[in-house]
> 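The structure's right below; bear with me while I get my questions together.
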Amino acid sequence: MGYIIRTTALFLVLTLIFVGIGALLWYLFFDGSMESLYLMMAIFIGLSVLINLFSFLFSKKIVLKAHKVKLIRRDENPRLYDIVQNVAVNAKIPMPQVGITNSPSPNAFATGRGPRNAAVVATTGLLDLLNDEELKGVMAHEIAHVKNRDILIMSVAATIAGAVSIMARFSIYGALGRRDGASVVIAVIAYITIPIAAMLIQLGISRGREYKADETGARITNDPLALAGALDKLENGNKMRPMMGENPSYAHMWISNPFGGKKGSVSLFSTHPPIQERIRRLNRMAGRITE
């Protein structure tokens with residue numbers, strides 16, 4: 001319940017920022033009349049609906065294409081396919097599509113707007129690095145994202161944060177058009193601070209959902225230590241073989257930081273919580289299970 005409350009609160013703040021930048025553009029571009037305010041609000045509500053609709057319909061196809069994912073049948077990789085199928089049955093969700101992307105960097109992600117439209121993807125590096133139990137733990141983490149509908153949540157958060165950044169740039173043009181010193185100062189402050197605030201909220205949502213997926217995945221397999229062991233290997237593996245050419249805007253999707261962050265590091269600008277803290281929580285879960 002705590003995760004739900006925190007995520008809802010962060011989305012509320014992100015929405016308020018979105019509306020706030022709309023109000024700022026109204027102030028900079030229009031005459032200040034109520035009619036123009038209603039028009040601006042209608043525009044931004046409509047834009048918000050279109051942004052969310054686009055994320056809902058097309059995020060999966062875009063992500064799979066961007067990472068050159070090959071969707072497989074069982075005969076093409078029985079080991080991975082059977083593990084995903086077993087985890088999906090335990091999680092009580094429909095069987096997702098299974099994909100592999102050719103990368104030596106060990107990692108995995110899930111995509112899709114919900115349990116009936118999901119895909120889980122492993123890199124070739126992940127399949128080479130992990131044993132079956134660890135791979136099962138990682139796939140359970142990804143299926144937990146599907147079960148919890150995190151992919152849709154994060155797609156919408158990332159899209160709104162991106163839209164806020166674009167709109168903040170327009171504030172500069174509006175301020176220059178007014179030729180008002182105070183307006184220019186307000187626009188410059190908004191241009192610098194609002195996109196950062198939106199990004200921090202997006203990253204806060206991302207880190208919270210990773211903890212939740214660890215917990216849910218460990219409950220699906222009833223084996224927190226397998227996922228803990230996998231995360232330890234993934235941290236070291238991504239340091240040795242960071243993902244080359246990865247778009248930073250997709251970094252939050254992976255189970256582990258694809259750029260090989262420093263061990264135990266934590267930052268407001270991190271897409272992932274510290275691996276060691278995730279492992280500590282999983283070890284604590286294992287202790288409660290064995291009690």
> So, do V63 and V69 sit near enough that their side-chain heavy atoms are less than 4.5 Å apart?
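The answer is no; the side chains never approach within 4.5 Å.
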> Report yes if some heavy atom in the side chain of H252 is under 4.5 Å from a heavy atom in the side chain of R207; otherwise report no.
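No, side chains not in contact.
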> Heavy atoms, side chains only, cut-off 4.5 Å: are Q97 and K60 in contact?
yes
> Mind listing the closest non-hydrogen atom pair of I275 and L231 along with its distance?
CG2-O, 3.9 Å
> On a heavy-atom basis, which atom in Q85 and which in M95 lie closest, and how many Å separate them?
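Residues Q85 and M95, closest heavy atoms: CA-SD, 3.4 Å.
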> If only atom types and distance count, is the side chain of N107 paired as donor or acceptor with the main-chain N or O of I255 below 3.5 Å?
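A pair under 3.5 Å: yes.
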> Which pair of heavy atoms, one from P115 and one from I93, lies closest together, and at what distance?
CB-CB, 4.3 Å
> Please work out which of the three classes, parallel, tilted or perpendicular, describes the rings of H67 and Y250, given edges at 30° and 60°.
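Taking H67 first and then Y250, their aromatic rings stand perpendicular (interplane angle over 60°).
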> Quick test of your reading of the model: are R79 and D132 salt-bridged, counting only N-O distances below 4.0 Å?
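Yes, charged N to carboxylate O under 4.0 Å.
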> Nearest 0.5 Å please: distance from the CG atom of L71 over to the CG atom of L64.
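CG of L64 is found 5.5 Å from CG of L71.
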> With ring-ring contact (aromatic ring centres under 6.0 Å, His included) as the rule and sequence neighbours excluded, what pairs involving residues 117-154 come up?
H141-H145
> Just by distance, with hydrogens left out, do S256 and N238 show a side-chain donor and acceptor under 3.5 Å apart?
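Judged by distance alone, the side chains do pair up.
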> Please name the pair of heavy atoms, one in D150 and one in A213, separated by the smallest distance, quoted to 0.1 Å.
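D150 and A213 have their closest heavy atoms at OD2-CB, 4.5 Å.
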> Under 3.5 Å, is there a donor-acceptor pair linking the side chains of N86 and K136?
yes
> Could you state whether I279 and L234 fall into the same hydrophobic cluster, counting links through intermediate Ile, Leu, Val, Met, Phe, Trp or Tyr residues with side-chain heavy atoms under 4.5 angstrom apart?
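Result: yes, single cluster for both.
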> Cation over ring, R278 on Y211, under 6.0 Å and within 45°?
no
> Quick one: which of M243, E142, E210 gives a side-chain contact (heavy atoms from CB on, under 4.5 Å) with W254?
M243
> Grab the two heavy atoms, one from L80 and one from G99, that are nearest each other, plus how far apart they are.
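Reported closest heavy-atom pair: CD2-O, 4.1 Å.
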> To the nearest 0.5 Å, how far apart are CD in E133 and CG in L135?
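It is 9.5 Å, given to the nearest 0.5 Å.
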> Measure the shortest side-chain to side-chain distance between I143 and V120 over non-hydrogen atoms and say whether it is less than 4.5 angstrom.
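I143 reaches V120 side chain to side chain.
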> For the CG atom on N102, are there more than 12 heavy atoms of other groups (residues, nucleotides or ligands in this structure) within a distance under 6.0 Å?
no
> Could you tell me if the side chain of R281 sits less than 4.5 Å from the side chain of M285, heavy atoms only?
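A side-chain contact is absent here, since even the closest heavy-atom pair is not under 4.5 Å.
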> Could you list the residues that satisfy salt bridge (charged side-chain N to carboxylate O under 4.0 Å, His left out) with E134, not counting sequence neighbours?
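Per chain and number, E134 pairs via salt bridge (charged side-chain N to carboxylate O under 4.0 Å, His left out) with K233.
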> Could you tell me whether the side chain of L282 reaches within less than 4.5 Å of the side chain of E277, counting heavy atoms only?
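Result no, sub-4.5 Å side-chain heavy-atom pair not found.
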> What are the two closest non-hydrogen atoms of P104 and R241, and how far apart are they?
O-NE, 3.2 Å
> Under 4.5 Å between side-chain heavy atoms, hopping through other hydrophobics if needed: is there a path connecting Y81 to V89?
no
> Applying the side-chain contact (heavy atoms from CB on, under 4.5 Å) criterion to M139, which one of T221, L130, I220, L126 satisfies it?
L126
> Counting distance only, does the side-chain N/O of T123 pair as donor-acceptor with the main-chain N or O of T101 below 3.5 Å?
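Between the backbone of T101 and the side chain of T123 there is no qualifying donor-acceptor contact (under 3.5 Å).
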> Output the distance between atom CZ (F259) and atom NE2 (H272), rounded to the nearest 0.5 Å.
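So the gap between those two atoms works out to 10.0 Å.
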> Hey, does N77 have a side-chain heavy atom less than 4.5 Å from the side chain of V98?
no
> Hydrophobic clusters here meaning ILVMFWY residues chained together by side-chain heavy-atom distances under 4.5 Å, can you tell me if F58 and V121 are in one?
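Shared cluster, yes.
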> Could you tell me whether a side-chain N or O of E76 sits under 3.5 Å from a main-chain N or O of R73, the two making a donor and an acceptor?
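Yes, E76 side chain to R73 backbone: donor-acceptor pair under 3.5 Å.
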> Does any N or O in the side chain of K147 come within less than 3.5 Å of the main-chain N or O of A91, such that one atom is a donor and the other an acceptor?
yes
> Do L129 and I83 sit in the same hydrophobic cluster, where Ile, Leu, Val, Met, Phe, Trp and Tyr count as joined when their side-chain heavy atoms come under 4.5 Å apart?
yes
